[in-house]
Amino acid sequence: MTNDKQLGLAGTVAGLGLAIGGLAFGAFLSQRRKGGDDDAPFYTRKSPDSDNAVLGRTVTIRKPRAELYAFWRDFGNLPRFMENVETIRKEGDHRVWLIKAPAGQTVEIKTEVCEDVEGKRIAWRSVEGSDIETRGSVEFADAPGDRGTRVSLVMSYNPPAGNLGRTIAKLFQREPEVQARHDLKRFKGLMETGEIATSAHRKENTRAAKQQEKET
Amino acid sequence: MRALTWHGTHDVRVDTVDDPEIINSRDAIIEVTSTAICGSDLHLYDGVIPGVLPGDVLGHEFMGRVVETGSDSTLKKGQRVVVPFTISCGGCFHCQIQQFSACENSNPAEKQDMSAKLYGHSMAALFGYSHMTGGYSGGQAEYVRVPYSDVGPIVVPDHLDDDKVLFLSDILPTGWMAAENAEIQPDDTVAVWGCGPVGLFAIQSAIVMGASKVIAIDHYPNRLALAKQLGAEVIDFRKTNVREALMEMSGGIGVDAVIDAVGMESHGFAVDNLVDVVKQKVGMGADRASALKQAILAVRPGGRVSIPGVYGGMTDKFPLGALMEKGLHIRSGQTHVQRYTKDLLEKIEDGTLDTTFLISHRLPLEDAARGYECFRTEQDSWTKVVLKPGMDTPATN
Ligand SMILES: NC(=O)c1ccc[n+]([C@@H]2O[C@H](COP(=O)([O-])OP(=O)(O)OC[C@H]3O[C@@H](n4cnc5c(N)ncnc54)[C@H](O)[C@@H]3O)[C@@H](O)[C@H]2O)c1
Ligand SMILES: [Zn+2]
Ligand SMILES: [Zn+2]
């Protein structure tokens, strides 16, 4: 125990040093990047711009922009394809996301919509009292011809520092990035086919059913 | 229900497993009347395709009667249908442009990562063909849950019996697409490696498409005889120097198009093929591609290379220089089955295509394990095995 603690302390100090060095280096890099970069989305860069974990992903969905926007704007719909999100309920101007974790535990995130451009873009961020600091945005742009709509999801999150953050990440069981990517694919599938694809043989073997089982 | 399940390399068994049920509203449940063992199943049997789990129900060539329908299925109970082995949603970009085997939605999101890592893009789902392609239970069973039943299955008329239409599920469209990918012109000489079911249907299709000469290559006398019966000239690769023969038989020009209907487990005695055998055994993912390499060297400059044979990983010493310097066109892929079923059904009905000549064995589903073993070890005489769940089974239930 003591050993662990000492290690932990030493680690923190070393980590702090690294973090400061990292910050300086990051500032240097972002300085260099300003202006002169290529046309790729910022989240595809080899070295990240921000200290937060950032993820971004685009899918093309063969449905009109307005329809997709409307579905997403009604946050109550999101748990239909976001596997870890149990419910999103309204609380005044805020939404409270109840996120599943193993052994019946949950994480709560309270968000506000900070940008809403009809048919084009929705952005949200967590407010005081959330277990995780996070921001997200979804953008809808017409795809060429009759290919439908390009939907880009960008999220950043700042898990509580160090061990607690890792514990929460573990609580989610997979990396948020993988989860978000799968969720976006499920959104696409739901919109294009009206259902969530499953290779289960029987209802009790679907992932949704299994997750409920895990909770009880 | 009873179903053929995978337990390991060369270990498949007919077990009792849960019956499937409707999960999504576009699903249907099919009671299987006929199902076949495919050369592709041998890759699973030989353990060279990753992502198969013990207990998985195999089989992707099947047909039967509709016994249950979800609320959005367009099928009706009692209809006889043949089910494409590629599972396609009908609504995504690739389905819309008829590239059904590239469907973006049928493979569940959480199963797409493996193929996305390996190939740069995730694969569509296939029935009974590993969790890399979805992990859907297959058709070598009494019942199958068929998703997107409003898109894939084709209803067949009662006067055509199972043996005639079953192969619409895979190998007939596969042979047809292989020939189509060879972009055959009337004066062409076309060479086909492999006289298994896929090769045989590719030969028949190439002839229907008007090739002036088709040359078939294999080493099994009975399979070569079937090719000859279709109108092909044949080469036994154990007895003849294939490339030299092909040059002579095409008047010194080289064949105009080549079709690799062999795939990743090609037989060959060249050193690099033997090295690949070892790598494949220790899971280094080296595909044995000796037939394909030979085909690329044999085709004339500016010629076409069509690859219906299945490959899953990497291969060494690929003749990349020949490909570039000769300016070859290559086309390949899992078959876009749904694109062809309607036309090919007509060609079966009007007698343009014969689909029964290659069936060598009909067995009850209970004998499926023996079917696998013999289809693998006695390839010459076991050209195609059809399993019939209804056959010979005792009436006790
Ligand atoms: N693209 C698709 O959608 C699709 C669909 C079905 C099958 N396939 C693939 O097509 C291939 C053939 O299937 P099949 O059912 O006919 O298999 P099969 O195993 O019955 O036939 C393969 C034949 O190739 C012959 N062969 C082996 N090495 C050879 C060589 N070096 N030169 C010439 N011939 C050689 C074998 O003797 C055998 O007769 C397999 O790889 C299978 O997975 C692809
Ligand atoms: Zn097949
Ligand atoms: Zn699709």
Side-chain angles (χ1 to χ4, degrees), chain A residues 44 55 57-64 67-68 80-85 142-151 153 172-212, chain B residues 1 3 17-27 29 53 55-57 70-72 87-97 103-113 116-117 122 124-138 141 143-148 150-151:
Chain A
T44 60
L55 56 97
R57 194 53 80 131
T58 300
V59 292
T60 299
I61 305 182
R62 276 191 75 256
K63 288 286 168 185
E67 186 182 330
L68 300 179
R80 287 177 64 187
F81 61 87
M82 291 188 169
E83 206 175 43
N84 275 354
V85 180
D142 291 330
D146 62 357
R147 289 189 180 199
T149 307
R150 288 181 176 162
V151 181
L153 176 67
F172 283 110
Q173 287 227 302
R174 18 185 128 64
E175 290 174 62
E177 169 154 17
V178 176
Q179 187 66 46
R181 180 153 39 87
H182 291 175
D183 286 345
L184 193 58
K185 283 270 170 93
R186 279 187 208 99
F187 175 55
K188 171 183 161 68
L190 183 61
M191 294 295 98
E192 288 181 338
T193 72
E195 60 190 47
I196 306 282
T198 173
S199 56
H201 194 61
R202 302 182 59 80
K203 281 188 197 127
E204 70 257 27
N205 295 330
T206 58
R207 285 167 69 85
K210 278 195 171 155
Q211 283 217 333
Q212 296 226 307
Chain B
M1 66 166 183
V17 302
D18 288 335
D19 286 359
E21 59 185 3
I22 301 273
I23 295 174
N24 284 328
S25 61
R26 293 169 63 187
D27 294 353
I29 305 288
L53 299 177
D56 283 354
V57 177
S71 54
D72 291 319
I87 307 178
S88 311
C89 79
C92 69
F93 166 69
H94 284 102
C95 283
Q96 217 56 36
I97 60 169
C103 173
E104 299 154 63
N105 289 317
S106 57
N107 198 349
E110 65 277 6
K111 307 231 176 190
Q112 293 185 8
D113 292 340
K117 278 218 176 74
S122 57
L126 311 176
F127 283 103
Y129 214 74
S130 92
H131 289 259
M132 193 157 87
T133 49
Y136 286 86
S137 288
Y143 298 94
V144 187
R145 171 186 163 241
V146 176
Y148 316 117
D150 53 328
V151 175

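Heavy-atom basis, side chains included; hydrogens, waters and symmetry copies ignored. In what follows, every chain begins at residue 1, and chains take the letters A, B, ... in the order their sequences are listed.
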K.L.:
What's the separation between atom NZ in B/Lys111 and atom NE2 in A/His182, rounded to the nearest 0.5 Å?
P.N.:
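These two atoms lie 11.5 Å from each other.
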K.L.:
Flag the one option from A/Arg62, A/Met191, A/Lys185 with the top tally of heavy-atom pairs under 4.5 Å to chain B.
P.N.:
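When all of A/Arg62, A/Met191, A/Lys185 are compared, A/Arg62 has the most.
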K.L.:
With sequence neighbours left out, write down each residue that passes side chain to side chain contact (heavy atoms under 4.5 Å, CB included) with A/Leu190, or none if nothing qualifies.
P.N.:
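Checked A/Leu190 against side chain to side chain contact (heavy atoms under 4.5 Å, CB included); matches are A/Phe71, A/Arg80, A/Phe81, A/Ile196.
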K.L.:
Between B/Glu110 and A/Arg186, does at least one N-O distance fall below 4.0 Å, as a salt bridge requires?
P.N.:
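Answer for the salt bridge query: yes.
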K.L.:
In terms of heavy-atom proximity below 4.5 Å to chain A, should B/Ile22 be classed as side chain, backbone, both, or neither?
P.N.:
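It is the backbone, since no side chain atom gets that close.
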K.L.:
Which one of B/Ile87, B/Val144, B/Ile23 has the most heavy-atom pairs closer than 4.5 Å to chain A?
P.N.:
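Winner by heavy-atom pair count: B/Ile23.
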K.L.:
Are B/Tyr148 and A/Thr193 packed together at the side-chain level, in the sense that at least one heavy-atom pair is separated by less than 4.5 angstrom?
P.N.:
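Yes - at least one pair of side-chain heavy atoms lies under 4.5 Å apart.
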K.L.:
Among residues at least two apart in sequence or on other chains, which ones pass salt bridge (charged side-chain N to carboxylate O under 4.0 Å, His left out) with A/Arg202?
P.N.:
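A/Glu204, B/Glu21.
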K.L.:
Of all heavy-atom pairs between A/Gly189 and B/Asn105, which one has the smallest distance, and what is that distance?
P.N.:
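Looks like CA-OD1, 3.3 Å.
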K.L.:
Is there side-chain contact between B/Glu104 and A/Thr60, with at least one heavy-atom pair below 4.5 Å?
P.N.:
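They are not in side-chain contact.
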K.L.:
Can you say whether B/Asp72 sits under 4.5 Å from chain A via the side chain, the backbone, both, or neither, judging by heavy atoms?
P.N.:
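Contact with chain A involves no heavy atom of B/Asp72 at all.
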K.L.:
Of all of B/Ala125, B/Gly91, B/Ser25, which one pairs up most often with chain A through heavy atoms under 4.5 Å apart?
P.N.:
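Highest number of pairs under 4.5 Å: B/Gly91.
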K.L.:
Highest number of heavy-atom pairs under 4.5 Å with chain A: which of B/Gly134, B/Ser137, B/Cys92?
P.N.:
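Of the candidates given, the most pairs with chain A belong to B/Cys92.
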K.L.:
With chain A as the partner, which of B/Pro20, B/Pro147, B/Pro108, B/Cys95 has the greatest number of non-hydrogen pairs under 4.5 Å?
P.N.:
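Most pairs with chain A among the choices: B/Pro20.
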K.L.:
Measure across B/Arg145 and A/Thr198 and return the closest heavy-atom pair with its distance rounded to 0.1 Å.
P.N.:
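That would be NH1-O, 2.8 Å.
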K.L.:
Is there a donor-acceptor contact under 3.5 Å linking the side chains of A/His201 and B/Asp19?
P.N.:
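B/Asp19 and A/His201 do not have a side-chain donor-acceptor pair below 3.5 Å.
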K.L.:
Select one option (side chain, backbone, both, neither) describing which atoms of A/Ala200 are under 4.5 Å from chain B's heavy atoms.
P.N.:
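The answer is both parts of A/Ala200.
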